[in-house]
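One structure is given here, and the rest of the page talks about it.
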Amino acid sequence: MIPLDEARQFVLDRCTPLPVAAVAIDDALGLVLAEPVRSTGPIPPFDNTAMDGFALRAADVADAPVTLDVVATIAAGARPDITLTAGQAARIMTGAPVPPGADAIVMVELTDFDESAGRVVVAESVPVGNHIRPAGDDLQPDAVVFEPGTELTAAHLGVCTSVGAYEVQVGRRPRVGVISTGDELVDGPGPLEVGQIRDSNRHTLLALVSSMGATGIDLGVVRDDEDAIRAAMLDAADQCDAVVTSGGVSMGDFDYVKMVLDEIADMRWMQVAIKPAKPLAFGTIGSTPVFGLPGNPVSSMVSFELFAKPGIRAMMGHETALLPPLRGRAGVDLTRRSDGKTHFARVEATPGADGVMEARFSGGQGSHQLSAMANGNALAIIPDGDGITAGDPVDLILR
Ligand code: AMP
Ligand code: MG
């Protein structure tokens, strides 16, 4: 068996960033900037009010309560065509430009407006600048708003459009082909013949691919047949940036995936010192990484998390391919037997009284018991030994 870090480094060394592409901002969620985003002007672009109320001169209300003449109403989007002079105020709505001459806003709650008389009584004095959001308060002109390497989240997309960056230069979104292998697999709700199971891995793996911001390509189920697997692999490598398969990488008689990869890919078949997901066949067909994950449903998910996800993140241009685990603690004894492997236990992690995440087994720990994965929210990393005593620290991979 080889250590996890060594196996993962082998993978990461072969997963290089995809070419940069210009992508429309609404298609850029989760992608990684390859070039800086710059502001073209100040944000906000003009001095504006943070409140509905009255724009006025602070000096005029120093001896509040005072009465002022209301000379205009300024809505958001309006261009003020007045200049306030002493004794005047303008009704103003949140986001509207502060008119020339005004230097403060009094919120509507502190005023009494007599519309027919065109006058307002202001109850309190306010300092200069009150409730005014100055131009450039968020972003200065010509500032680098986001550096290369930034992963674009929902907020980033909003900021980009606010500075007029409707297209961004990012690492291209990887197309990841997903293939299930196995003669026992069927797809669909119909009754199962003896020996058959429904293909769950493909649906799970496609979801894992899209949840990390890549595009999953459903390449179906392939039989345990060397020629069929070879043809499917070559086709997948041709049309995708990376390929994820499940099944066929163990010691069984019909585990053809590793044999085919050995023949058509620059492949390494690894026995990694982890449980679940010990076997991994990883290689490249041309420059296309192929992740031959084990077939057991929990194993394929864990293997995806530990190898495919960092590899695909590296292809996307993420500076940290590997996200660090979170330090929590064992909520119960997380027992295990010593076997030379690091275990990744399916756990439910919930905040304890002090807010620290506490992990408890979320169900059966067999590699076929996918429901424990569904009913949990984390993998607890349990080093080789007898396990982790309740209350002791444990590293968690939150999913
Ligand atoms: P294998 O890695 O092909 O030896 O498969 C290991 C176990 O995982 C076997 O019990 C398979 O039936 C099961 N398995 C393989 N592929 C899938 C799949 N796509 N969905 C659900 N179970 C699978
Ligand atoms: Mg199989």
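Order of appearance sets the numbers: ligands from 1, and atoms from 1 within every ligand.
Closest heavy-atom approach to atom 2 (O) of ligand 1 among the candidates G252, S299, G295: G295. Taking all heavy atoms of T245, D224, D255, N296 into account, the minimum distance to atom 4 (O) of ligand 1 is reached by D255. When the options G248, S200, P279 are ranked by their closest heavy atom to atom 20 (N) of ligand 1, first place goes to S200. When N201, V178, T181 are ranked by how near their heavy atoms come to atom 18 (C) of ligand 1, first place goes to N201.
With hydrogens left out, the protein atom closest to atom 12 (O) of ligand 1 is E184 OE2, 2.5 Å, a heavy atom.
Counting non-hydrogen atoms of neighbouring residues, nucleotides and ligands closer than 6.0 angstrom, the CG atom of D386 reaches no more than 12 such neighbours. Around the CZ atom of F254, the shell of radius 6.0 Å holds no more than 12 heavy atoms that belong to other residues, nucleotides or ligands. More than 12 heavy atoms of other residues, nucleotides or ligands lie within 6.0 Å of CG in D13, so this atom counts as buried by the packing criterion. By the 6.0 Å contact criterion, NZ on K258 is enclosed, its count of non-hydrogen atoms from other residues, nucleotides or ligands being greater than 12.
A cation-pi arrangement is present between R14 and F10, with the terminal nitrogen or guanidinium carbon under 6.0 Å from the aromatic centre and inside a 45° cone about the axis.
Under 4.0 Å from ligand 1, not a single heavy atom of V221 appears.
The pair R8-E6 fails the salt-bridge criterion, with no side-chain N (NZ, NE, NH1 or NH2) lying under 4.0 Å from an Asp/Glu carboxylate O.
P297 counts as a contact of ligand 1, since one of its heavy atoms falls under 4.0 Å from the ligand.
Results of the side-chain hydrogen bond (donor to acceptor under 3.5 Å, both in side chains) test with R202 over T245, D218, T181 single out D218 as the only residue that passes.
Which parts of ligand 1 touch D199 is read off a 4.0 Å heavy-atom cut-off, strictly below it: atoms 18 (C), 19 (N), 20 (N). Near I197, meaning under 4.0 Å from one of its heavy atoms, ligand 1 places the atoms 12 (O), 21 (C), 22 (N), 23 (C). Here is the list of ligand 1 atoms found below 4.0 Å of a heavy atom in S180: 19 (N).
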